[in-house]
Each structure stands twice: as C-alpha cells, then as structure tokens.
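In listed order, ligands and their atoms are each counted from 1.
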Amino acid sequence: MTAKHLSDTVTLHNGVAMPWFGLGVWRTPEGQVVEDSVRYALEAGYRHIDTAALYANEVGVGNAIRASGIPRNEIFVTSKVWNSDQGYDQTLKAFDATQEKLKLGTLDLYLIHWPVAGKYQETWRALERIYEEGRVRAIGVSNFQGHHIDTLLAEANVVPMVNQVELHPLLRQTELAEYCRSHHIQIEAWSPLMQGHLDQPVITTLAQKYQKTAAQIVLRWDLQRQIVTIPKSVHQDRIIENAQVFDFELDDEDMQAIDDMNRDQRFGPDPDHFDF
Ligand SMILES: NC(=O)c1ccc[n+]([C@@H]2O[C@H](COP(=O)([O-])OP(=O)(O)OC[C@H]3O[C@@H](n4cnc5c(N)ncnc54)[C@H](OP(=O)(O)O)[C@@H]3O)[C@@H](O)[C@H]2O)c1
C-alpha cells in the first residue's frame with residue numbers, strides 16, 4: 001500500500017519500521033547548513049535522515065536531531081561505512097567514529113557504502129557483529145548489484161534489510177528491484193531527483209496535469225512503486241515542497257509513462273566499474 005503520511009513506514013524483514021520518505025544530506029556542508037537542513041526537514045514532518053561518514057556532516061546531523069526535542073526513537077537515522085574503512089577491524093572503528101560524531105546512541109541503519117572488491121564480505125561480518133550487539137537496529141548495503149548480494153549471502157548470517165541504489169525515472173533498476181523484493185530486501189532510491197535534472201518532457205507534462213512540481217511527480221512515483229526515497233535539498237521551500245506528495249495519486253497510465261522513461265542512465269558511478 002502506498003504511504004499516506006510523511007511519517008509512514010515500511011517494515012523491514014527484521015521488524016524495524018523505516019519511514020518511506022527521508023532527507024538526504026550528501027554535499028550538504030557540515031555545520032550551520034546541515035543543521036538548518038535537518039531542522040527544516042524535522043519541522044516539516046520528516047522523520048528520516050540519510051547521512052554517511054563520507055559526507056563529513058554527521059556532527060551537524062546529530063546536533064540538529066538532538067536540538068529538535070523530538071524523541072530519538074521517532075527519527076530514523078542512516079549512516080554508511082566508507083570504502084577506505086572497509087574490512088573487519090576498520091569497520092568496527094569506523095562505526096565507533098560515526099556513533100561518536102552523531103551522539104545519538106543506537107543507530108537505525110548502517111550500510112556498506114559501496115561493494116569494495118575483496119573487502120565487503122569482511123565488512124559485512126563487522127556489520128553483523130554490530131547488529132548482534134544491538135548497536136544498530138538494521139544493517140544493509142548500498143550500490144550492490146544482485147551478484148554482490150549473492151556473494152555476501154554465501155557466507156552471511158544476516159540478510160541485508162536494505163539496498164540503497166541510484167534509482168530514478170531514467171534508471172528504473174527493474175531487475176535489481178525484483179531481485180531485492182524476492183530476498184525481502186527493501187530497495188531505497190538515491191539521487192531520486194536525478195541530482196536536479198528534472199527538466200524531462202514526460203515529467204513536465206505530468207506536473208502540469210496534476211498541478212504539482214516535477215520533483216513531486218518523481219517522488220510520488222517512488223512511493224507508488226514501494227521505493228524508499230531520500231531527496232536532498234538545503235532550501236527550506238524545496239524541503240517542504242518535496243514532502244508534499246501525499247495528497248495526490250498518479251494513475252496507472254501515468255505511472256507507466258514514467259516507467260517508460262528508463263534509459264539505464266546513471267548520474268553516479270557504476271557499481272560494477274568504480275575505482276574508489
Ligand atoms: N549511497 C550512495 O552511494 C549515495 C549516492 C548519492 C546520494 N545518496 C543519498 O541520496 C540523497 C539524494 O541524492 P542526491 O543528493 O544525489 O540527489 P537528488 O536528491 O536526486 O537531487 C538533489 C539536487 O536536486 C536539487 N533539488 C532538490 N529539491 C528540488 C526541487 N524541489 N526542485 C528542483 N531542484 C531540487 C538540490 O538542490 P538544492 O540542495 O540546492 O535545493 C540538489 O542539487 C543524498 O543526499 C544522499 O543522502 C547516496
């Protein structure tokens with residue numbers, strides 16, 4: 001069923017509730033800018049923030065969440081272990097550093113940021129330990145193709161709860177989403193707004209038809225396709241706008257028109273060919 005409110009959640013395969021809609025903070029500068037962005041989002045009703053060690057803004061994210069006065073257990077926070085910190089011992093240290101920066105106690109979701117060859121299986125063992133110790137409520141992966149997950153599952157004790165991947169109308173990820181569904185792994189879209197490349201004729205036409213903005217059309221499509229989505233903005237008006245997607249419904253034909261935009265076009269790196 002499609003989410004009806006900004007705080008509505010999907011239940012991950014271990015029973016943890018994850019809001020369908022969140023704020024991304026990649027490229028949001030540490031300090032006042034990230035603190036303001038998170039504050040705008042929480043004031044608008046967001047209850048899910050997506051950061052990463054790489055984004056170098058975990059201190060600000062934690063500050064803004066603590067300053068909000070909203071009970072900690074009402075906000076879902078994700079962070080990720082960066083590539084240069086992968087491996088068993090280094091990941092345990094990286095998690096300590098993330099917790100120290102966020103100062104939020106138990107984390108909600110910790111992800112392997114990218115499938116670094118030769119490392120990610122060991123990294124996963126560390127995530128399993130952190131999970132078993134109760135220091136994080138859910139663990140998952142990011143930028144994993146089906147074959148990466150197959151490799152992981154060959155030795156894993158815990159099936160990832162989430163796979164966060166680049167996903168938007170130009171990169172539908174149909175097969176990967178189906179793979180994840182069949183393994184009860186929730187798919188989550190990064191760069192849902194195509195990093196701002198919203199000037200697409202199909203989207204613009206639908207925006208006029210529904211009297212919504214291009215961003216709202218794309219984010220509504222995510223929700224109706226059961227995809228967790230985390231648009232980023234540093235602007236209060238856009239943070240509010242992006243979340244106003246619970247008061248209309250795209251009909252089947254228009255959902256199909258957006259599906260048909262797929263060109264397998266990435267704005268970010270290809271998980272099978274990255275060198276960082
Ligand atoms: N796991 C990974 O490897 C990975 C990779 C990339 C991203 N992510 C996560 O996914 C989140 C979202 O992806 P993203 O930041 O790459 O891109 P995005 O959310 O697709 O797009 C963000 C861009 O769109 C602009 N924007 C936001 N709302 C808008 C609106 N209503 N109208 C027009 N433009 C708008 C933003 O500008 P302003 O900020 O100036 O408003 C920014 O330039 C990230 O922040 C991060 O948390 C994860």
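Here D251 pairs with K209 in a salt bridge; the nearest charged N to carboxylate O distance falls below 4.0 Å.
H147 and D272 are linked by a side-chain donor-acceptor pair at a separation below 3.5 angstrom, with hydrogens and angles left out of the test. Side-chain contact, T51 with N57: a donor N or O sits under 3.5 Å from an acceptor N or O.
A heavy-atom cutoff of 4.0 Å around ligand 1 is satisfied by the protein residues G24, V25, W26, D50, Y55, K80, H113, W114, S142, N143, Q164, W190, S191, P192, L193, M194, Q195, G196, L198, A215, I230, P231, K232, S233, V234, H235, R238, E241, N242.
Judged as a side-chain contact (heavy atoms from CB on, under 4.5 Å), and not counting sequence neighbours, the contacts of V33 are T28, P29, S37, V234. The salt bridge (charged side-chain N to carboxylate O under 4.0 Å, His left out) search around D8 returns none, not counting sequence neighbours.
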Donor-acceptor pairs under 3.5 Å, side chain of residues 191-199 to any protein atom, not counting sequence neighbours: which ones?
residue : atom : partner : partner atom : Å
S191    : OG   : Q195    : NE2          : 3.0
H197    : ND1  : M194    : O            : 2.7

